[in-house]
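Source: prediction; values computed, not measured.
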Amino acid sequence: MSFVVSTIRTALFYGLLSLWTIFFPTLCFLVIGFFPYKKRHKLLAKNWSLVSIYLCRVICGVRWEVHGKENIPDKGCVIISNHQSTWETFFLQTLLTPQTQVLKKELLSIPFFGWALRSIKPIAIDRKDPLGALQRIKRQGLSSLKKGVSVLIFPEGTRSHPGKVGKFSRGGAGLACSAGVDILPIAHNAGHHWPKDRWTKTPGTIHVHIGPVITTEDKGPAAANNQARDWVENTLAKYY
């Protein structure tokens with residue numbers, strides 16, 4: 001695909017995504033208060049994300065395949081994934097529901113989208129306050145997990161280039177150990193098609209690999225964290 005065509009398609013995608021992000025969260029903002037908390041993620045985050053990734057698929061040619069869906073547990077867990085792009089922050093909302101996600105507090109200030117996002121009680125952290133962020137993740141994460149709501153965490157904290165895995169913070173593993181729940185590790189190559197350092201999208205197939213759950217029984221946060229990171233790194237090395 002030529003650069004000009006790719007640019008036009010990407011611009012069209014972002015234009016439609018912006019309209020969708022204004023329309024749907026605004027509609028949800030008006031009605032979401034009538035829904036019980038555990039239904040709100042599916043109403044807002046999952047449906048918004050589904051339309052968003054399908055827009056990218058139809059317009060930009062970014063498809064996906066999921067491997068290991070049978071490993072998804074039927075109870076709340078801590079989801080730990082590598083982070084390469086914005087795409088997986090959308091897509092992973094569609095895999096498990098209900099769930100909450102650790103995200104930058106600035107996202108809650110985005111007009112329409114951020115206002116509606118507050119209703120599903122994401123774990124909004126201040127990156128300038130690491131200690132406070134860890135305390136919030138543990139406090140709010142434990143509360144969510146006790147209600148059967150899964151918690152999604154990108155332990156690298158920032159996006160990495162394809163083929164590389166950054167240092168994993170122990171916040172996610174520590175939360176899983178404190179709550180006595182399993183860790184669901186996920187590896188993907190989204191950065192090949194939604195690059196972190198390029199505006200245009202590259203057509204192709206993103207592969208999402210869901211690993212067997214990592215039990216936290218008789219494990220400390222360091223051991224559980226290392227096991228999750230090793231699985232992600234080995235999976236990426238094996239397939240990419």
Side-chain angles (χ1 to χ4, degrees), residues 14 17-18 20-22 24-26 28-29 32 37-53 56 76-145 147 149-160 166-176 178-179 181 183-186 188 190-191 194 196 208 225 228 232:
Y14 276 120
L17 180 63
S18 297
W20 173 240
T21 302
I22 293 172
F24 187 67
T26 301
C28 288
F29 180 71
I32 203 165
Y37 169 64
K38 291 181 72 171
K39 298 288 185 181
R40 294 179 184 181
H41 175 266
K42 183 176 182 180
L43 171 67
L44 173 62
K46 181 176 181 178
N47 288 325
W48 179 84
S49 297
L50 275 172
V51 172
S52 299
I53 60 176
C56 191
C77 64
V78 174
I79 310 158
I80 287 183
S81 170
N82 65 311
H83 195 16
Q84 293 184 358
S85 75
T86 304
W87 183 89
E88 65 270 13
T89 66
F90 297 168
F91 178 78
L92 295 179
Q93 300 297 319
T94 71
L95 277 183
L96 290 89
T97 191
Q99 68 166 271
T100 189
Q101 180 179 352
V102 177
L103 46 75
K104 298 182 295 184
K105 69 175 185 178
E106 291 81 5
L107 293 177
L108 300 183
S109 300
I110 297 174
F112 308 107
F113 179 77
W115 303 338
L117 191 60
R118 289 176 184 270
S119 68
I120 60 174
K121 302 178 182 177
I123 304 174
I125 61 171
D126 182 355
R127 289 184 173 180
K128 297 178 182 178
D129 180 15
L131 180 59
L134 284 173
Q135 292 173 342
R136 178 176 287 271
I137 289 171
K138 184 174 182 179
R139 182 176 65 253
Q140 197 169 336
L142 283 171
S143 176
S144 295
L145 289 165
K147 298 172 184 174
V149 177
S150 295
V151 178
L152 169 62
I153 295 179
F154 297 103
E156 290 167 287
T158 189
R159 293 169 293 174
S160 297
K167 181 181 178 181
F168 273 29
S169 71
R170 296 183 184 179
L175 172 61
S178 296
V181 300
I183 294 172
L184 184 68
I186 294 179
H188 61 84
W194 187 313
K196 61 172 285 190
V208 179
N225 190 56
V232 169

Exercise for the section: Give a yes or no answer on whether the side chain of Ser85 reaches the backbone of Gly191 with a donor-acceptor pair at less than 3.5 Å. Expected result: no
Problem - Non-hydrogen side-chain atoms of Gln99 and Lys46 separated by less than 4.5 Å - result: no
Exercise for the section: Applying side-chain contact (heavy atoms from CB on, under 4.5 Å) between Cys28 and each of Leu117, Leu43, Ile120, report the one that passes. Expected result: Leu43
Problem - Audit row: Ile80, Phe168, side chain to side chain contact (heavy atoms under 4.5 Å, CB included) steps and yes/no - result: CA-CA 10 Å; Ile80 287 183; Phe168 273 29; 3.7 Å; yes
Handout entry: Ile186 vs Leu95 side-chain heavy atoms within contact, under 4.5 Å
Key = yes
Completion exercise
Output for pair (Ile53 CD1, Phe90 CZ), nearest 0.5 Å, gives 9.5 Å
Practice task
Look only at the side chain of Asp126 and the backbone of Lys105, and say whether a donor-acceptor pair between them is shorter than 3.5 Å.
Solution key: no
Handout entry: Ile153/Ile79 under side chain to side chain contact (heavy atoms under 4.5 Å, CB included): CA gap, chis, key distance, verdict
Key = CA-CA 6 Å; Ile153 295 179; Ile79 310 158; over 6 Å; no
Practice task
Can you measure from OG1 (Thr21) to CG (Leu17) and round to the nearest 0.5 angstrom?
Solution key: 4.0 Å
Fill in the blank from the handout: What one should report as the nearest heavy-atom pair of Val149 and Lys38 is CG2-CG, 4.3 Å
Handout entry: Check: Lys42 main-chain N/O paired with Gln93 side-chain donor or acceptor under 3.5 Å
Key = no
Practice task
Spell out, as yes or no, whether a donor-acceptor pair under 3.5 Å connects the side chain of Thr100 to the backbone of Ser144.
Solution key: no
Exercise for the section: Give a yes or no on whether the backbone of Asn225 and the side-chain of Arg170 come within a donor-acceptor separation of less than 3.5 Å. Expected result: no
Practice task
Output the distance between atom OG1 (Thr94) and atom CG (Asn47), rounded to the nearest 0.5 Å.
Solution key: 10.5 Å
Problem - Minimal non-hydrogen separation, Ala176 against Ile183, with atom names - result: CB-CG1, 3.5 Å
Handout entry: Ser160 side chain vs Glu156 backbone, donor-acceptor pair below 3.5 Å
Key = no
Practice task
Output the distance between atom CD (Gln140) and atom CD1 (Ile125), rounded to the nearest 0.5 Å.
Solution key: 11.0 Å
Handout entry: Residues forming a salt bridge (Lys or Arg N to Asp or Glu O under 4.0 Å) with Lys39, sequence neighbours excluded
Key = none
Fill in the blank from the handout: With sequence neighbours left out, the residues meeting side-chain contact (heavy atoms from CB on, under 4.5 Å) with Thr89 are His83, Thr86, Gln101, Phe154
Handout entry: Donor-acceptor contact present, side-chain Arg40 to main-chain Ser119, <3.5 Å
Key = yes
Handout entry: salt bridge (Lys or Arg N to Asp or Glu O under 4.0 Å) against Asp129, all qualifying residues, sequence neighbours excluded
Key = none
Practice task
Look only at the side chain of Asn82 and the backbone of His188, and say whether a donor-acceptor pair between them is shorter than 3.5 Å.
Solution key: yes
Handout entry: Euclidean distance, Leu145 CG relative to Ser150 OG, rounded to 0.5 Å
Key = 7.0 Å
Problem - Closest contact, heavy atoms only, Gly141 versus Leu175 - result: C-CD1, 3.7 Å
Problem - Heavy-atom pair of closest approach, residues Leu184 and Cys77 - result: CB-SG, 4.0 Å
Completion exercise
The reported gap from CH2 in Trp87 to OG in Ser49 (rounded to nearest 0.5 angstrom) is 10.5 Å
Handout entry: Heavy-atom side-chain contact between Phe29 and Leu44 under 4.5 Å
Key = no
Problem - Heavy-atom pair of closest approach, residues Leu134 and Gly171 - result: CD2-CA, 3.8 Å
Exercise for the section: Take Val151 and Ile123 through the test side chain to side chain contact (heavy atoms under 4.5 Å, CB included) and record every step on the way to the result. Expected result: CA-CA 9 Å; Val151 178; Ile123 304 174; 4.0 Å; yes
Completion exercise
Heavy-atom closest pair (Lys138 atom, Ser178 atom, distance to 0.1 Å) is CE-OG, 3.6 Å
Practice task
Please check if atom OH in Tyr14 has more than 12 non-hydrogen atoms from other residues, nucleotides or ligands closer than 6.0 Å.
Solution key: yes
Practice task
Verify, without hydrogens or angle tests, whether Trp48 (side chain) and Pro25 (backbone) share a donor-acceptor contact under 3.5 angstrom.
Solution key: no
